[in-house]
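First comes the structure, then the notes that go with it.
Keep in mind that the numbers below use all heavy atoms, side chains included, and drop hydrogens, waters and symmetry copies. Naming: A, B, ... by sequence-line order, numbering from 1 per chain.
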Amino acid sequence: MTGGQGRRLDRSFFARDVTVVARDLLGRVLLAHTADGDVAVRLTEVEAYAGQDDPASHAFRGPTVRNAVMFGSAGHLYTYFVYGMHWCANIVTGPDGDASAVLLRAGEVVAGEHIARARRPAITRPELLARGPAGLATVLGLRRDASGADLCGTVDRWQVLEGQLVTTDRVAAGPRVGVAAAAERPLRFWDIASPSVSVYRPGGRIRRCASGG
DNA sequence: CCGCCGATCCTCT
DNA sequence: GAGGATCGGCGGG
């Protein structure tokens, strides 16, 4: 059973500022009803991407076919394909037209662990099943067809439940993983007590000058 | 345990 | 035509 995680979060939750939503998503539960059965993940690590103001955001250079969902209303999923093999998932935030989104980076599987294991057979430790954005998307079945899905509508294939918010003393903030642009902004938030949080890696274009320069 | 590297293809320039 | 909001296997210490 996947009950007991509280009410479903509504659109007003997601329509707030992206950094507020990102922080507020820690401890919430993303529940997926899939053909194989239900899988639920307690979110432990997220990153805020501040729309057209953010050089690291997919929306920075304006609307395209891929990122069109980001310019729509809050509470919708935005998924994208990277490195020729992985899917990653975001939740759109802010008012309509504000192309901000929260990247879901890691979580703990709290329901449907046998399904999650089957989807990631290489992972042996259960706490690592949803570590990393691609792993999280994989266990929840988030791929191309999930992009544009409404988390707050009448179709409840994917939805976010209240769960239990991570208390402030357990939240850390820091630079985003693998992001070179705006690396000084602390837009990554994570639960310091969770073993599922992914490993920090600086952005590829950071080239700190060797001494003498 | 840590760091390197290949895989693989969609997207935008 | 280049590079990317990544992952996991492999080899060395």
Note, Arg131(A) side chain near Val197(A) side chain (heavy atom, < 4.5 Å):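 A side-chain contact is absent here, since even the closest heavy-atom pair is not under 4.5 Å.
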Taking the side chain as C-beta and beyond, is there a heavy-atom pair between Ile91(A) and Leu151(A) under 4.5 Å?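 They are in side-chain contact.
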Residues touching DNA chain B, which here means a heavy atom under 4.0 Å, drawn from residues 72-100 of chain A: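 Contacting residues: Phe81(A), Tyr83(A), Gly84(A), Met85(A).
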In residues 115-148 of chain A, which ones come under 4.0 Å of DNA chain B, going by heavy atoms?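 Those residues whose heavy atoms fall under 4.0 Å from DNA chain B, taken from residues 115-148 of chain A in numerical order, are Arg144(A).
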When all nucleic acid strands are considered with a 4.0 Å heavy-atom cut-off, which category describes Arg176(A): base, sugar-phosphate, or nothing?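 Touches nothing.
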Tell me, please, whether Phe13(A) has Arg16(A) positioned over its six-membered ring: NZ or CZ under 6.0 Å from the ring centre and within 45 degrees of its axis?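 Yes, Arg16(A) lies over the aromatic ring of Phe13(A).
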Just the rounded figure in Å: distance from P of dG8(C) to CZ of Arg201(A).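 From Arg201(A) CZ to dG8(C) P: 13 Å.
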Round to the nearest Å and state the distance from Arg185(A) atom CZ to dA5(C) atom P.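 Going from Arg185(A) (CZ) to dA5(C) (P), I get 15 Å.
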Interatomic distance, Arg105(A) atom CZ to Glu47(A) atom CD [nearest 0.5 angstrom]: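 Those atoms lie 4.5 Å apart.
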How long is the span from the NE2 atom in His76(A) to the CG atom in Asp150(A), to the nearest 0.5 Å?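 Result: 3.5 Å between the selected atoms.
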ring-ring contact (aromatic ring centres under 6.0 Å, His included) involving Trp87(A) - partner list, sequence neighbours excluded: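 Trp87(A) satisfies ring-ring contact (aromatic ring centres under 6.0 Å, His included) with Phe81(A) only.
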Counting Watson-Crick and G-U wobble pairs with both distances under 3.5 Å, what is the dot-bracket string for DNA chain B, 5' to 3', using [ ] for crossing pairs and | for pairs to another strand? |||||||.||||.
Test: salt bridge (charged side-chain N to carboxylate O under 4.0 Å, His left out). Region: residues 175-185 of chain A. Which pairs qualify, not counting sequence neighbours?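 Output for this query lists Asp54(A)-Arg176(A).
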Could you walk me through whether Asp156(A) and Arg8(A) pass the salt bridge (Lys or Arg N to Asp or Glu O under 4.0 Å) test, one step at a time? CA-CA 10 Å; Asp156(A) 63 355; Arg8(A) 183 175 76 167; over 6 Å; no
N/O donor-acceptor pair under 3.5 Å between Ser147(A) side chain and Thr79(A) backbone: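 Yes; judged by distance alone, with no hydrogens or angles, the pair exists.
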His86(A) side chain to Tyr83(A) main-chain N or O, any donor-acceptor pair under 3.5 Å?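 Answer holds: no.
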Can you see which heavy atom on Thr44(A) is nearest to which on Ser194(A), and at what distance?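 Minimum heavy-atom contact is CG2-OG, 3.4 Å.
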Dump the intermediate steps for side-chain hydrogen bond (donor to acceptor under 3.5 Å, both in side chains) on Thr34(A) and Asp36(A), then the final yes or no. CA-CA 5 Å; Thr34(A) 71; Asp36(A) 300 341; 4.8 Å; no
Quick one: how far along DNA chain B does chain A reach, first to last nucleotide 5' to 3', anything under 4.0 Å to a heavy atom?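 Taking any atom under 4.0 Å from a heavy atom of chain A, the span is dA7(B) to dT13(B).
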Please say which of Val20(A), Val21(A), Asp17(A) ends up in a side chain to side chain contact (heavy atoms under 4.5 Å, CB included) with Thr93(A).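 Testing each of Val20(A), Val21(A), Asp17(A) against Thr93(A), the sole residue satisfying side chain to side chain contact (heavy atoms under 4.5 Å, CB included) is Val21(A).
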